[in-house]
Amino acid sequence: MNLDRYVHRESAIHRADARLKFLLVVGFILALSLLPVGSFAALGIAWISVMAVSVFARLGPWRVIRGSFVALPFVFAAAPLLFTKHGDPIGSVDLGLFTLTLSGEGVRIVATITLKSWISVQAATLLVFSTTFHDLLEALARLRMPKLMVAIISLMYRYLAVLTGEANRMMRARASRMATVAGARRPGVRWQARVVGNMVGALFIRSYERSERVYLAMQSRGYSGHIAHVHERPLGAGSWFVLVAGAILLAGFSVSSRVWLPHS
């Protein structure tokens with residue numbers, strides 16, 4: 001199981017410092033979240049900017065768009081706003097016990113939330129496509145993120161692959177012991193659920209024992225609870241210039257979206 005979504009390309013985006021990219025993406029997402037409801041023109045500009053950066057990084061817009069679809073199901077959490085806002089009613093549906101009224105205000109709010117979320121995920125997807133996971137962890141540590149949080153993310157990334165491999169071995173062992181005669185009746189759902197429950201319990205015990213062995217191996221190699229960096233890597237003058245210029249552009253984007261760009 002490979003959780004690293006890095007796509008190797010020769011571009012300035014890939015060569016840029018991970019701290020710089022992380023701060024710019026966080027600032028971009030923060031600027032999007034502060035946009036007022038109905039700022040569709042500003043959201044369109046933001047989306048075009050993400051697509052332009054993806055082309056400049058030689059990743060292509062479709063790869064970034066396809067990678068962001070995973071977040072769309074979570075947008076359904078905002079669906080009740082379609083019927084809980086009362087401004088500009090469009091229509092209503094009588095369900096007997098209660099009546100649902102679809103409002104234009106609710107549609108604008110949900111559409112704004114959906115576009116904000118989708119574009120933000122695209123920006124984050126562009127970050128992970130152009131930065132290795134290890135560089136991101138190092139960037140978080142050098143940005144003075146809590147050491148415990150960085151350690152948890154690092155161990156989760158490394159141990160999920162071990163856990164997945166253990167589960168796959170158990171599945172293969174189960175399949176090798178499930179010889180059935182053609183045309184025979186399959187076991188019932190209750191029996192299958194009991195077998196799956198036993199497998200989950202065995203996987204938990206194996207994972208717990210494996211984690212102790214992994215931790216002892218890490219301690220024997222000098223692990224002290226945080227990632228140790230051999231060399232300091234200060235941000236260069238060019239990175240500072242790009243960071244300041246990006247902050248100014250994002251601030252100007254936020255101001256212009258409220259003052260000049262139309263929003264309903």
query: Would Leu43 and Ile65 show up in the same hydrophobic cluster when neighbours are defined by side-chain heavy atoms closer than 4.5 Å?
result: yes
query: If you group Ile, Leu, Val, Met, Phe, Trp and Tyr whenever their side-chain heavy atoms sit less than 4.5 Å apart, what else falls in with Ile248?
result: Val244
- prompt: Asp135 side chain to Thr131 main-chain N or O, any donor-acceptor pair under 3.5 Å?
  reply: no
message: Using a 3.5 Å distance criterion without hydrogens, assess whether the side chain of Ser39 forms a donor-acceptor pair with backbone atoms of Ala42.
response: no
- line: Note: with side-chain heavy atoms under 4.5 Å as the link, the other cluster members for Val255 come out as Val259, Trp260
- request: Ignoring hydrogens and angles, tell me if any N or O in the side chain of Lys116 forms a donor-acceptor pair with the backbone of Ile29 under 3.5 Å.
  value: no
message: My understanding is that only residues two or more places apart in sequence, or in another chain, count here; which of them pass side chain to side chain donor-acceptor pair (under 3.5 Å) with Arg258?
response: none
query: Should we count CE of Met218 as having more than 12 external heavy atoms under 6.0 Å?
result: yes
- prompt: Crowded around Tyr159 OH? As in, over 12 foreign heavy atoms under 6.0 Å?
  reply: yes
- prompt: Taking the six-membered ring for Trp, are Tyr157 and His134 parallel (under 30°), tilted (30 to 60°) or perpendicular (over 60°)?
  reply: perpendicular
message: Minimum heavy-atom separation for Arg9 and Ala57, please, with both atom names.
response: CB-O, 3.7 Å
statement: By side chain to side chain contact (heavy atoms under 4.5 Å, CB included), Glu212 pairs with (sequence neighbours left out) Tyr208
message: Strictly distance-based, threshold 3.5 Å: is any side-chain N or O of Ser239 a donor or acceptor partner for the main-chain N or O of Leu235?
response: no
message: With a sphere of 6.0 Å drawn around CZ of Phe69, does it hold more than 12 non-hydrogen atoms of other residues, nucleotides or ligands?
response: yes
message: So does Gly38 get a backbone contact from the side chain of Thr112, meaning a donor-acceptor N/O pair under 3.5 Å?
response: yes
- prompt: With no hydrogens and no angle check, is any side-chain donor or acceptor of Ser154 less than 3.5 Å from a backbone partner on Val150?
  reply: no
message: Side-chain heavy atoms nearer than 4.5 Å, only ILVMFWY residues, links allowed to pass through others: does that put Phe133 and Ile152 together?
response: no
query: Mind checking what makes salt bridge (Lys or Arg N to Asp or Glu O under 4.0 Å) contact with Arg210, not counting sequence neighbours?
result: Glu166
Residue list, side chain to side chain donor-acceptor pair (under 3.5 Å) with Ser11, at least two apart or on another chain: His14
query: Lys147 side chain to Ala141 main-chain N or O, any donor-acceptor pair under 3.5 Å?
result: no
